[in-house]
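Just so you know, ligand 1 is whichever comes first in the structure, and atom 1 is the first atom listed for that ligand.
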Amino acid sequence: YTWPDTKVDHLEALLYQQQQYHGSLVGSDVRFCFLTTFDLDKLRAISGRLTAAEWIRVAYHDMATADVEAGTGGLDASISFETDRGENEGPAFNSTMKQLYLSHSAKSSMADLIAMSAVLAVGSCSDGKVWLDYRGGRIDATEAGPLGVPEPHQGLDKHTEIFRKQGFNQEEMIGLVACGHSVGGVHGSIFPKIVPVVDEPGNEASLHPFDSTAVTFDNHVAVEFTQNSTQNALAFGHNKTTRSDHRIFTADGGNLISRMAQDNDFYLATCKNLLERMIDTVPKNVELSGVIEPIATKPDYINIVVNEDGTLFVSGEIRTIQDKAIDRGSRQVVVHLKAADKKISAATTRNGESLPFHENRPSFDWWGFNATIPIAQGLSFDVEIIDDGDSKLETNGGKGFPLQTDIIPQTSKSCSSTTVKGPSTINVTAAVGVSYPSHQIRAVTDLIKILDEANFDSVILSVDIPHAQQNSLVPRIEPTPVDMKKTRVLEGTGYSLYSGSLDFGAAFQGLLSYDVIGRRALGHSISEFNSFDSLRRCS
Ligand code: HEM
C-alpha cells in the first residue's frame with residue numbers, strides 16, 4: 001500500500017475508525033449484538049429485532065440473485081429496489097438502507113456498505129472473533145435485479161439450483177445457511193404462518209430464535225439441530241412445508257452440520273470463508289480491491305493555503321496505529337516536509353484517539369501539524385515516530401507522502417449550503433498551478449515561469465451529486481462537471497485562482513464531495529474526493 005489510494009483510503013477509515021475521534025460510526029447500530037432495534041420510521045426502539053442479524057440477512061438477499069456464470073447480480077445494492085417483494089419480507093431491508101446511507105458517498109457505494117455491514121455484524125456477534133476480509137470497489141445497481149431469493153416453502157432441488165447459480169455447491173449451501181442462521185430467527189410479525197405472533201412487551205416483533213444463543217455468532221444452531229433439541233422453526237416448525245433448514249442440513253446425510261456441531265472453531269472458520277465469498281460475489285464488471293487492512297501511518301484532513309507571499313500553509317493530521325507494546329504517553333510524532341532542497345520539521349500535538357467497538361481491532365492516535373513552506377514542486381513529507389528514544393521514519397515506500405500541489409482547493413475561499421431535501425449549492429475556489437519534475441527547476445524565477453496554470457486546457461469542478469431514484473431509498477451519485485473560471489492571478493506564486501459554483505437539489509444524508517480537475521493533452525491533474533464538511537456555509 002502507498003498513500004494516497006482513493007479506492008481504499010475512505011473505506012479503510014469507515015471500517016477501522018469505528019468510534020470516538022474521527023469515528024465513522026458505521027457499526028454503531030451493531031455495536032452491541034442485542035435484541036432491540038431502533039426503528040427509524042417509528043423513531044423508537046422495537047424489541048425482538050436484532051440489527052446485526054438483519055444486516056447479515058440483507059447482505060445475503062442482495063447477493064442471492066447472483067448468476068455467477070453470466071457474471072450478473074451479486075452484491076450490488078439492487079436490494080434497495082426490491083424491498084417490496086414477497087421474497088424480501090420484513091422491515092429489515094429499508095431499515096438497513098436507512099442505517100447505512102449516512103455513510104454513503106462517491107467513495108463508499110451502498111454495495112460496499114452492505115458488504116461492510118456484514119463484516120461489522122459478524123464481528124460484533126462473535127465479539128471480534130470472526131472478522132471477514134473486506135475488499136472495496138462494488139458498484140451500485142441502478143435498477144432492480146431478477147427475482148430468485150430462496151424462500152422456505154421451496155424444495156431442496158430448487159434451493160440447490162439457486163445456490164449453484166450463486167456459485168455455491170451443495171456442501172457450501174449447507175454451510176452458508178448454517179452460518180447465516182446462527183443469529184436472529186424467524187419473526188411472527190413477518191412470517192405468522194411459520195411462527196406464532198406473540199407481541200409481548202420484551203418481544204414486540206415476535207422473534208422465534210434459530211437457537212438458544214440468538215445474539216452470539218456460534219455453532220449452537222448446528223449443535224441443537226444434531227441434538228434434535230432445536231427451536232429452529234425452519235428445521236422443526238409445525239409447518240412441514242417451510243422446514244427448509246431441515247431439508248438443507250440433511251441434504252448430505254447430515255455430515256457437514258455434524259462436523260460444525262462438533263467443533264466451534266471449524267464452524268467459525270467455515271463461516272469466515274463462506275461469508276467472505278458471499279460478500280465478494282459481484283457482477284463481472286466490478287474489480288474488487290485487495291483486502292483492506294488497517295494502514296499503520298496515514299495522513300488525512302490535509303489542507304493547503306496558497307499565501308500571496310509565495311509560501312504554502314500546510315495543515316493536517318497524521319493517524320498512527322497503536323501498539324500495545326508501546327507506551328502511548330511518551331510517543332512523539334514529527335512531520336518532516338521536503339520542499340525542493342529545503343527541509344522543514346513540524347512538531348505535532350495529539351488531537352484524539354479512534355477506538356474500535358470490539359477487541360482485536362486497531363486503535364489509532366491522531367497528530368495535528370501545520371507548517372509554512374516555500375512553494376516548490378514535488379512537495380512531500382516523511383513522518384518520524386519516536387518511542388522511548390527510538391526513532392522510526394515512515395517514508396511511504398521511500399518517496400515520502402506526496403502533497404498534491406497542482407490543484408489546491410482553497411477551502412476558506414469556498415463555501416457550501418446543503419439541505420437534506422431541497423436546494424443546495426457549492427462554490428469552490430481553487431489555486432491552480434502545474435507540475436513539472438523537480439529536476440527542471442533551477443531558480444525561483446524559473447520556477448514561477450514553469451508554474452503557469454495556462455498549461456491546463458480547462459479547469460473543472462466536478463460535484464458528486466446524489467439523485468433520488470424511484471423505488472429506492474438510496475440515491476445514485478453522479479459526478480456533475482462545471483467549468484471553473486480564472487478569477488485572479490496570485491502574482492509571484494505561480495498560481496491563479498479559479499472559481500466555479502453549482503446549484504443542485506439533494507435528497508441525501510451521506511457525505512457530499514467534489515473533485516477539481518485540470519485537463520490537458522498530457523494527462524490530467526486532480527484533487528479528488530474533497531468533503532463538503534470542510535467548507536464554511538455560504539451566507
Ligand atoms: C434456502 C435458503 C434460506 C432460506 C429459505 C432462508 C429463510 C429465512 C427466513 C424465512 C428467515 C426469517 C426472517 C424473519 O422473520 O425476520 C430468515 C432469517 C435469517 N436468515 Fe435466512 N434463509 C436462507 C438462507 C440464508 C443465508 C444463506 C443467510 C446468510 C448467510 C441467511 C441469513 C439469515 C439471518 C441472519 C436471519 C435472521 C434475521 C433476523 O433475525 O432479523 N439466510 N431466513
Side-chain angles (χ1 to χ4, degrees), residues 29-30 33-37 39 46-66 75 86-93 95-96 114-115 117-119 121-122 124-125 130 132 148-168 170 172-198 203 205-211 214-217 221 232-235 237 239 241-249 251 270-279 281:
D29 291 294
V30 296
C33 184
F34 64 26
L35 286 169
T36 309
T37 292
D39 189 302
I46 305 276
S47 58
R49 283 176 60 187
L50 177 62
T51 306
E54 294 187 356
W55 285 9
I56 298 167
R57 178 168 175 244
V58 170
Y60 174 62
H61 282 224
D62 191 26
M63 185 286 274
T65 53
L75 232 115
E87 62 188 35
N88 298 322
E89 205 66 73
F93 301 92
S95 182
T96 300
I114 292 172
S117 79
V119 176
V122 173
S124 169
C125 297
V130 182
L132 309 179
V149 178
E151 297 181 78
H153 64 268
Q154 294 162 334
L156 182 61
D157 286 352
K158 175 84 180 167
H159 287 156
T160 310
E161 170 56 17
I162 292 174
F163 278 83
R164 189 198 62 75
K165 241 178 149 180
Q166 297 164 357
F168 296 93
Q170 187 190 63
E172 293 161 346
M173 166 178 75
I174 299 166
L176 198 57
V177 175
C179 294
H181 293 173
S182 176
V183 287
V186 183
H187 293 85
S189 55
I190 308 171
F191 291 100
K193 289 192 183 136
I194 303 180
V195 294
V197 180
V198 290
N203 189 5
S206 303
L207 175 75
H208 192 90
F210 288 126
D211 64 22
V215 295
T216 309
F217 192 90
V221 63
N232 178 352
L234 296 181
N239 187 343
T241 320
T242 52
R243 289 184 187 168
S244 53
D245 278 9
H246 194 285
R247 291 188 288 270
I248 288 171
F249 293 165
T270 307
C271 293
K272 175 172 154 63
N273 177 269
L274 291 172
L275 291 168
E276 283 169 354
R277 279 181 49 198
M278 174 180 96
I279 60 174
T281 301

Select one of side chain, backbone, both or neither to describe which atoms of I190 lie under 4.0 Å from any atom of ligand 1, heavy atoms only. side chain
Around atom NZ of K165, are there more than 12 heavy atoms of other residues, nucleotides or ligands at under 6.0 Å? no
Do the side chain of T36 and the main chain of S47 share a donor and acceptor less than 3.5 angstrom apart? no
One finds that the ligand 1 atoms under 4.0 Å from a non-hydrogen atom of F210 are 17 (C), 18 (C), 19 (C), 36 (C), 37 (C)
Would you mind listing which atoms of ligand 1 come within a distance below 4.0 Å of any non-hydrogen atom of P152? 5 (C), 10 (C)
Contact between Q166 and M173 at the side-chain level, heavy atoms closer than 4.5 Å - yes or no? no
Can you tell me which portion of H159 lies within the under-4.0 Å heavy-atom range of ligand 1? Options are side chain, backbone, both, or neither. side chain
Atoms in ligand 1 flagged as close to I248, the criterion being non-hydrogen separation under 4.0 Å: 1 (C)
Does the plane of the ring in Y60 sit parallel, tilted or perpendicular to the ring in F163? Use 30° and 60° as the thresholds. parallel
For M278, the atoms of ligand 1 under 4.0 Å from one of its heavy atoms are 30 (C)
Would you call L132 and M278 a side-chain contact if the rule is heavy atoms closer than 4.5 Å? no
With a 4.0 Å cut-off on heavy atoms, is C179 in contact with ligand 1? no
If I only include protein atoms of type N, O or S, how many are less than 2.8 Å from atom 21 (Fe) of ligand 1? 1
Which heavy atom of V183 sits nearest a heavy atom of C125, and at what distance? CG1-CB, 4.0 Å
Atoms of ligand 1 close to S244 [distance to a heavy atom under 4.0 angstrom, numbered from 1]: 5 (C)
Per-atom contacts, ligand 1 versus E54 - under 4.0 Å to a heavy atom: 41 (O)
Do E151 and ligand 1 have an N or O pair less than 3.5 Å apart? no
Taking side chain as C-beta onward, heavy atoms only, is N232 less than 4.5 Å from F249? yes
Are the side chain of S189 and the backbone N or O of A205 linked by a donor-acceptor pair below 3.5 Å? yes
Any non-hydrogen side-chain atom of T281 less than 4.5 Å from a side-chain atom of L75? no
Should you measure from each heavy atom of H187, which atoms of ligand 1 turn up under 4.0 Å away? 14 (C), 15 (O), 16 (O), 39 (C), 40 (O), 41 (O)
Thinking salt bridges, do E161 and K158 make one under a 4.0 Å N-O criterion? no
Can any side-chain N or O of E87 pair as donor or acceptor with the backbone N or O of V149 at less than 3.5 Å? yes
Looking at G184, which atoms of ligand 1 are within less than 4.0 Å of one of its heavy atoms? 40 (O)
Relative to ligand 1, is L274 under 4.0 angstrom through side chain, backbone, both or neither, heavy atoms considered? neither
Between E89 and ligand 1, which residue portion shows a heavy-atom distance shorter than 4.0 Å: side chain, backbone, both, or neither? neither
Can you find a heavy atom in the side chain of R49 that is under 4.5 Å from one in the side chain of S95? yes
Would you say H208's side chain and I194's backbone share a donor-acceptor pair under 3.5 angstrom? no
Is it true that a side-chain atom of R57 and a backbone atom of G184 form a donor plus acceptor pair closer than 3.5 Å? no
Measuring from atom 12 (C) of ligand 1, which candidate in G185, C271, S182 has the nearest non-hydrogen atom? G185
Which one holds for L275 and ligand 1: side chain close, backbone close, both close, or neither close, with close meaning a heavy atom under 4.0 Å? side chain
